[in-house]
Amino acid sequence: MTQDERFMKEAIRLSAQAVAHGNEPFGAVLVKDEEIVFTNENQIYTGSDPTYHAEAGLLRNFCAAERITDLTDYTLYSSCEPCFMCCGAMVWTKLGRLVFGASDIDLCNILGETGSDCCGIVFSHSAHKPLVAGGVLREESLAILSSYFAKASKG
């Protein structure tokens, strides 16, 4: 198992935990020097905040707790490709690297919608461009997304 797969497994585990807690199936893990330093799960329903995505919440909470705003030396693992809002937060925090499982296009295919290359679009139009690796444990991420959205609608 690669490092990326190991940390993605944790992000996917958090996505399942988010569902168990009454939220949508998205999880995020922040890593520095091959160690997990912070984790978060989607909390849009339990937090009554439609912007409390796993990634944005992780960035907000970690930066506040550590009193830093530059995450150049960090990698964020997300069970699904982050949305435009979360990608914007990654630009503002100068995230070094992003790794995700399923893509937004994968997710939107499940939802019967048209998806987009959120990361590519946001990062290509930004001064800061995190390195990106997508599709890590994609099938595992898709299984949780498909199971959840077979019974629930998005947002």
Determine, step by step, whether Asp4 and Arg97 satisfy the side chain to side chain contact (heavy atoms under 4.5 Å, CB included) criterion, reporting the C-alpha distance in whole Å, the side-chain angles of both residues, the deciding distance to 0.1 Å, and the verdict.
CA-CA 11 Å; Asp4 283 349; Arg97 184 168 178 251; 2.7 Å; yes

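With contacts defined as side-chain heavy-atom distances shorter than 4.5 Å, the pair Tyr77/Ile36 does not qualify. With contacts defined as side-chain heavy-atom distances shorter than 4.5 Å, the pair Glu140/Lys9 qualifies. Taking 4.5 Å as the limit, every side-chain heavy atom of Pro82 sits out of range of all side-chain heavy atoms of Cys118. Between Thr2 and Val136, the closest side-chain pair of non-hydrogen atoms is not below 4.5 Å.
In this structure, Met90 is a member of the same hydrophobic cluster as Leu30, with clusters built from ILVMFWY side-chain heavy atoms closer than 4.5 Å. Both Leu71 and Phe123 are part of a single hydrophobic cluster, where members link through side-chain heavy atoms under 4.5 Å apart. Using a 4.5 Å cut-off between side-chain heavy atoms of Ile, Leu, Val, Met, Phe, Trp and Tyr, with links allowed through other members, Val19 and Leu137 fall into different hydrophobic clusters. Under a hydrophobic clustering in which Ile, Leu, Val, Met, Phe, Trp and Tyr are joined whenever their side-chain heavy atoms come within less than 4.5 Å, directly or via other members, Leu142 and Tyr148 fall into the same cluster. In the hydrophobic clustering of this structure, Leu76 groups with Ile68; members are Ile, Leu, Val, Met, Phe, Trp, Tyr whose side-chain heavy atoms approach within less than 4.5 Å, directly or through other members.
Smallest separation of non-hydrogen atoms from Pro50 and Ile44: O-CG2, 3.7 Å. Between Ala11 and Ser78 the shortest heavy-atom distance is CB-C, 4.3 Å. For the pair Ile121 and His125, the tightest heavy-atom approach, listed with the atom from each and the gap, is O-ND1, 2.8 Å. The shortest non-hydrogen separation linking Val99 to Met8 is O-CE, 3.5 Å. The two atoms that bring Phe26 and Ala18 nearest to each other are O-CB, 3.9 Å, heavy atoms only. In terms of heavy atoms, Leu59 sits closest to Cys86 at CD1-O, 4.5 Å.
Note that the CD atom of Glu24 and the CG atom of Leu107 stand 8.5 Å from one another [nearest 0.5 Å]. To the nearest 0.5 angstrom, Ile144 atom CD1 is 11.0 Å from Gln17 atom CD. Taking CD of Glu41 as the start and NE2 of His21 as the end, the distance is 5.5 Å to the nearest 0.5 Å. Separating the OG1 atom in Thr75 from the CG atom in Leu95 is a distance of 7.0 Å, to the nearest 0.5 Å. Between atom CH2 of residue Trp92 and atom NE2 of residue His128 there is a gap of 12.0 Å, rounded to the nearest 0.5 Å.
Without hydrogens or angle criteria, Asn23 side chain to Tyr45 main chain gives a donor-acceptor distance under 3.5 Å. At distances below 3.5 Å, not a single donor-acceptor pair connects side-chain atoms of Asp104 with backbone N or O atoms of Glu81. Side-chain atoms of Ser103 come within 3.5 Å of backbone N or O of Asp106 as a donor-acceptor pair. Between the Ser79 side chain and the Ser141 main chain, no donor and acceptor come within less than 3.5 Å of each other. In terms of modelled atom types and a separation under 3.5 Å, the side chain of Asp70 and the main chain of Thr72 share a donor-acceptor contact. The closest donor-acceptor contact from the side chain of Asn40 to the backbone of Ala54 lies under 3.5 Å.
Centroid-to-centroid, the aromatic rings of Phe62 and Tyr74 come within less than 6.0 Å.
Remark: Arg60 is positioned above the aromatic ring of Tyr52, its terminal NZ or CZ atom under 6.0 angstrom from the ring centre and at most 45 degrees off the axis.
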